[in-house]
Each structure stands twice: as structure tokens, then as C-alpha cells.
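Have a look at the structure below, then the notes.
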Amino acid sequence: MNFQQLRIIRETVRQNYNLTDASAALFTSQSGVSKHIKDLEDELGVQLFIRKGKRLLGLTEPGQSLLGIVERMLVDADNIKRLADDFNKVDEGTLTIATTHTQARYVLPTVVSAFKQRFPKVHLVLQQASPIEIAEMLLHGEADIGIATESLASEDNLASVPFYQWQHSIITPLNHPLAALTEVTLKDIAAYPIITYHGGFTGRSKIDQAFEDAALDVDLVMSALDADVIKTYVELGIGVGIVNE
DNA sequence: TGAAACGATCACATTCCTGT
DNA sequence: ACAGGAATGTGATCGTTTCA
């Protein structure tokens, strides 16, 4: 068993079980890829791939179990390389942060600015993605840090720490009936069409949960990724906006 | 049904490691 | 430094599958 075999297993799955594509992605030959898979299967004594004739259709049960371990081993191998780099070049290198549009636009600018002042030689890469994609990028070692409001904490193979908390606010035109109230309840809000974030983004699940807990049906007329976009449509009178402060 | 795509296998070449 | 062997990779080719 060697790392090349493990890389081939991972790449074959990523390339939808096409060995030709997997070999191209790894800059090696199709015959070599085929041989490595067979060698590993022979060594382990189990079939890792479901075959129909000469086609690979998917992973067998042991193959699926193995894939999780392979992913972790390859990420750890990359981490070992980075660890060495970190010690060799304390304040150099690249830091890749996977984050959502909202975090990148409203939260990270001050953090990034402070970071660049402290570590001017570090090249920062901001990768915008959905929370689910961020989790995938972290698991595949494509990002060093992920920042998002959803999904990450529920992923078993990722360690998450609270960064900050924010509150949800409603936004309405000045002449809207809700604007005249001194206290606004969920029931008051649910009486109007709602505009808020896309599912899976920016605390949307918390918003849904709050209305669900209150047994209130919501007329969600629009969703968007960006608070500015939500504000624009609130100004047009499309609905009441729920955004982060 | 035939062409194209694909995986498996074989023979051979190259690289690397080990013992002398 | 050198020889021998193991490991690894490649190209050619064949058989199978897919699809128009």
C-alpha cells in the first residue's frame, strides 16, 4: 500500500469512476492506474470498486469505508508538508480561507486588513462558496480555514469554534406598519411577505427554526445572498426583509 | 451493427534501493 | 562504483461496453 494508490482511489471517485480521466488528472497512464487499483485490491483481499464487465460503477461497501480513511490520510499528509513549511517559513506562504459572500463582504475586511499588517508576506486567498461547499473544501484540504454560519458545526470530521455572534433584524420602508410598532413579534412579521437569505446561508436555518418553533407559516416571496440585494427589494415594497446586523 | 470509449493485461523501460 | 532485483510507469493491444 502506498500514497500513489490512495491518491488513485480518491481521484477515481472524483472523476466519476473513469480511470482514463483519473490518470489524466494525476498525470500518469491509464494502465498504471488500473494496475495500482488491482494491486491494492489484491493486497487487501477485497474488491474496492463495483464492476460491470470492465466498467467501474461505484464503490463497494469496503471501498466506501476505505475512501473516508483515504481522504483523511491524504489531507493529513498535506498537513504534514504544510507543518514543515510553517516551520521553515514562519511568516510566508499561502493561507486559503473559504467563506461565504456575506462573511467576505461584511465581516472579513477588517480581519484581513489586520492580518496583512501583521503578516505582510503571507498570500491570502479568499474562496467564496456555499457553507456545504466550504465544508467539502476543508475536508478535501483545499482550504485552511472555513468561515460560515451554517453546516460547519454539524460536520463530524471538522473542528469548529465560535467566531462571533450576530443578530437578525427586520428592515421595512419607513411608512410600513411594522415601523410604527415599538415591539415587533414573530407573529407581526409573519403577517407580511418575507425576503431573506437563501437556504443554507447566513443563519437562514435559524430564521426558519424560529418561525417553525412559533408554529407560524411564512410567506417567503424572495431569497438572496446579499443584504444589499434584500434591502433593494424591501425598498420596492416586495416584502419585509430579515437580515443580519 | 459498427465506431468510439473504456478497462485489463502484457512486455518492456526506467528508476530506486540494497548489498558487495 | 557497480550489479542485481524490486518497484513503478508506459505503450500497445485486446476484449467489453455503450451509444447513435
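Heavy-atom basis, side chains included; hydrogens, waters and symmetry copies ignored. First the proteins, then the strands, lettered A, B, ... as listed; each starts at 1.
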How would you summarise protein contacts on nucleotides 7-12 of chain C per nucleotide, using B for base, S for sugar-phosphate only and - for none, with heavy-atom distances below 4.0 Å? -SSBBB
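Contacts of A:Tyr17 with the nucleic acid, taken as non-hydrogen atoms under 4.0 Å apart, involve only primed sugar atoms and P, OP1 or OP2.
With hydrogens and angles disregarded, no donor-acceptor distance shorter than 3.5 Å links the side chain of A:Ser113 to the backbone of A:Pro109. Although no hydrogens or angles enter the test, the distance criterion places a donor-acceptor pair under 3.5 Å between the side chain of A:Thr99 and the main chain of A:Ile147. A:Lys116 places no side-chain N or O within donor-acceptor distance of the main-chain N or O of A:Leu124, the cut-off being under 3.5 Å. Under a 3.5 Å cut-off, the side chain of A:Ser34 and the backbone N or O of A:Gln30 do not form any donor-acceptor pair. Between the A:Arg204 side chain and the A:Tyr197 main chain, a donor and an acceptor come within less than 3.5 Å of each other. Looking only at distances, a side-chain donor or acceptor of A:Glu41 sits under 3.5 Å from a matching main-chain atom of A:Leu48.
The distance from atom CG of A:Leu19 to atom P of C:dT17 is 15 Å, rounded to the nearest whole Å. At whole-Å resolution of the value, CG in A:Asn18 and P in C:dT17 are 16 Å apart.
Shown here for A:Ile230 and A:Gly241, the closest heavy-atom pair between the two residues is CG2-CA, 4.0 Å.
Recorded end-axis angle for the helix from B:dT1-C:dA20 to B:dT20-C:dA1 stands at 10°, based on five pairs per end and rounded to 10 degrees.
Within a 6.0 Å radius of CG in A:Asp213, more than 12 heavy atoms belonging to other residues, nucleotides or ligands are found.
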